[in-house]
Amino acid sequence: IGADPLDANVLYGVASAWTAVQALKAAGPSPTRASFMTALTNMNQVNPFLYPGIKMVTTPTERFPIDQQTLEQYKSGAWHPFGHLFSKAR
């Protein structure tokens, strides 16, 4: 049957999988739990499955990878972004 392309959970899953694969690559050829955690807590990359321009950044003390957002307006039956990306949105 396949996945529903309009289901936001599908995109979330793909974006999460992409992040896990990038962390595994960064963890080295024989990843350990420690090297995987180091990779996850030292991210600085753009995930192609997120909104354009949003960067994922983590540090050992800041583990929430996204602190940017954009505003969207619902009109003509769809969401339309407007304005610019807001950084440090939390």
- Kindly give the heavy-atom pair with the smallest separation between E72 and F82, and that separation in Å. C-CE2, 3.7 Å
- Note on the structure: When every non-hydrogen atom of A39 is compared with those of A27, the smallest separation belongs to CB-N, 4.1 Å
- Task: Please answer whether the main-chain N or O of P60 pairs with a side-chain N or O of T41 as donor and acceptor at a distance below 3.5 Å.
- Result: no
- How far does CE of M56 sit from CD of Q45, to the nearest 0.5 angstrom? 5.0 Å
- Message: Please report the interatomic distance CZ(F86) to CD(Q68), rounded to the nearest 0.5 Å.
- Response: 11.5 Å
- Item | Spatial distance of atom CG (L24) from atom OG (S35) [nearest 0.5 Å] | 8.5 Å
- Rounded to the nearest 0.5 Å, how far apart are CZ of R63 and CE of M43? 11.0 Å
- Message: Could you measure the distance from the CG atom of D67 to the NZ atom of K55? Nearest 0.5 Å is fine.
- Response: 11.5 Å
- Is there a donor-acceptor contact under 3.5 Å from the side chain of T58 to the main chain of L40? yes
- Message: With a 6.0 Å cut-off (strictly less than), is the heavy-atom count around OH of Y12, excluding the residue itself, greater than 12?
- Response: no
- In terms of heavy-atom contacts, F36 and A20 come closest through CE1-O, 3.9 Å
- Query: If every non-hydrogen atom of N47 is compared with every non-hydrogen atom of A15, which pair is closest and at what distance?
  - Reply: ND2-O, 3.1 Å
- Taking all non-hydrogen atoms of both residues into account, name the closest pair between Y51 and L85 and its distance. CD2-CD2, 4.0 Å
- Query: For the atom pair CH2 (W18) and CG (L50), what is the distance rounded to the nearest 0.5 Å?
  - Reply: 8.0 Å
